[in-house]
Amino acid sequence: MFQSKYIPGQTIPHYDVAVTAAIDSYGIAGGGKALRIAVENPDGAIYRVITSVGLGAYMHITSKLWDLGFKDLLKDDIDGKDGYDSWFVPTAAMATAVAPESTTDAASEILAATESLSSLDETERQAVIRSRVGQGEFRAKLLGYWKCCAVTGAECLPLLRASHIKPWRDSDNRERLDVFNGLLLAPNIDAAFDAGYVTFDAQGKIIFSKAVTGGPAYQLHLSAKMRINQKLLKPEHLVYLEHHRKKVFLG
């Protein structure tokens, strides 16, 4: 089990999405000693503090951070330093690497929403931030609601994406966690939907942008016969779908 806190005023780096994913990949509840882990940004400042409860959780997150390329300044120090049991710093390669566009967008949007997020308590703030990268409470809600891809019925849950209908950047904090503002989608549909190349009408039928009509849609394994599961498409989804058609869809 983990608790995590961002340090106010510190830059959230592009690799923070991977740090959050590492935390969320540990699904074992347990107890034990609380161990504190500091994570630095490329500016050399601690921007996030992770508290692991129990040795198993500590070993999980420290090994994950090491695998990501971080170095633990306290790996040989059994007493820790300044209240931290591990102190992870990014390598030069990590600090100078260009983040993938989606990761950069996520970090930028989280930073842009700092003011609205500051009004939430820590638990709610973490839930909203994780919803931006399809993790945590938002993903769990969509898995519980749809149980498979909302369009194709594909059941390979680890590969399905928790996709906001009304983009995270345009939503308020309630909408960011609203189960009706989300679709559980296969990766190819999620990518096209997120970029505005496809949308869905009020009956859940897919609509193609001119950019992907015909051959490109076929190559992307997108079909005009696709539609959102009618049994699960509710009136609460429709206001979000209307926003997507008007503000995201490329036409």
Side-chain angles (χ1 to χ4, degrees), residues 1-100 102-111 113-114 117-118 120-140 158 162 168 176-177:
M1 188 175 77
F2 299 98
Q3 297 174 350
S4 181
K5 181 179 180 179
Y6 289 95
I7 304 300
Q10 298 301 333
T11 300
I12 300 174
H14 62 79
Y15 49 72
D16 185 64
V17 173
V19 175
T20 296
I23 293 171
D24 289 339
S25 66
Y26 188 75
I28 302 174
K33 182 180 179 181
L35 299 165
R36 299 179 75 228
I37 302 149
V39 186
E40 284 191 5
N41 59 26
D43 299 329
I46 296 172
Y47 81 93
R48 188 172 188 175
V49 177
I50 303 166
T51 302
S52 62
V53 180
L55 186 59
Y58 174 78
M59 294 301 296
H60 168 85
I61 190 60
T62 53
S63 64
K64 288 288 186 180
L65 292 176
W66 190 269
D67 290 343
L68 288 173
F70 287 94
K71 299 301 180 185
D72 185 0
L73 299 179
L74 304 180
K75 65 182 179 66
D76 297 320
D77 190 335
I78 61 173
D79 296 321
K81 179 182 178 182
D82 296 341
Y84 298 115
D85 299 283
S86 283
W87 191 315
F88 282 93
V89 298
T91 60
M94 289 178 65
T96 58
V98 177
S102 60
T103 302
T104 303
D105 289 346
S108 298
E109 289 178 15
I110 290 169
L111 283 171
T114 298
L117 293 173
S118 66
L120 305 176
D121 64 34
E122 184 63 24
T123 300
E124 290 178 301
R125 184 160 52 249
Q126 289 299 321
V128 171
I129 289 172
R130 287 175 179 173
S131 75
R132 174 57 184 86
V133 290
Q135 299 290 342
E137 179 183 339
F138 181 68
R139 177 176 175 81
W168 192 94
R176 288 166 178 164
L177 295 177

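Position 1 is the first residue of the sequence, and the numbers go up from there.
Nearest heavy-atom pair across G83 and R36 is O-NH1, 3.3 Å. Smallest separation of non-hydrogen atoms from T91 and G69: CG2-O, 2.8 Å. Nearest approach of A22 to K64, heavy atoms of both residues: CB-CB, 3.7 Å. Heavy atoms only, all atoms of each residue included: Y15 and P90 are closest at OH-CG, 3.3 Å.
Side-chain atoms of D85 do not come within 3.5 Å of backbone N or O of G80 as any donor-acceptor pair.
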Between Y6 and I12, is a side chain to side chain contact (heavy atoms under 4.5 Å, CB included) present by the stated rule, with each step listed?
CA-CA 8 Å; Y6 289 95; I12 300 174; 4.1 Å; yes
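Taking 4.5 Å as the limit, every side-chain heavy atom of T62 sits out of range of all side-chain heavy atoms of F70. Counting heavy atoms from C-beta outward, I61 and F2 have side chains that approach closer than 4.5 Å.
A distance of 5.0 Å separates OG1 of T11 from CG of D43, quoted to the nearest 0.5 Å. Distance check: L35 CG to L55 CG gives 7.0 Å after rounding to the nearest 0.5 Å.
A side-chain hydrogen bond (donor to acceptor under 3.5 Å, both in side chains) check over residues 70-83, counting only residues at least two apart or in different chains, returns the pairs D72-S86. Listed by first and then second residue, the ring pair (Phe, Tyr, Trp, His ring centres under 6.0 Å) pairs that reach into residues 41-67 are Y26-H60, sequence neighbours excluded.
A search for side-chain contact (heavy atoms from CB on, under 4.5 Å) contacts involving I46 returns I7, A38, E40, V49, Y84, W87, not counting sequence neighbours.
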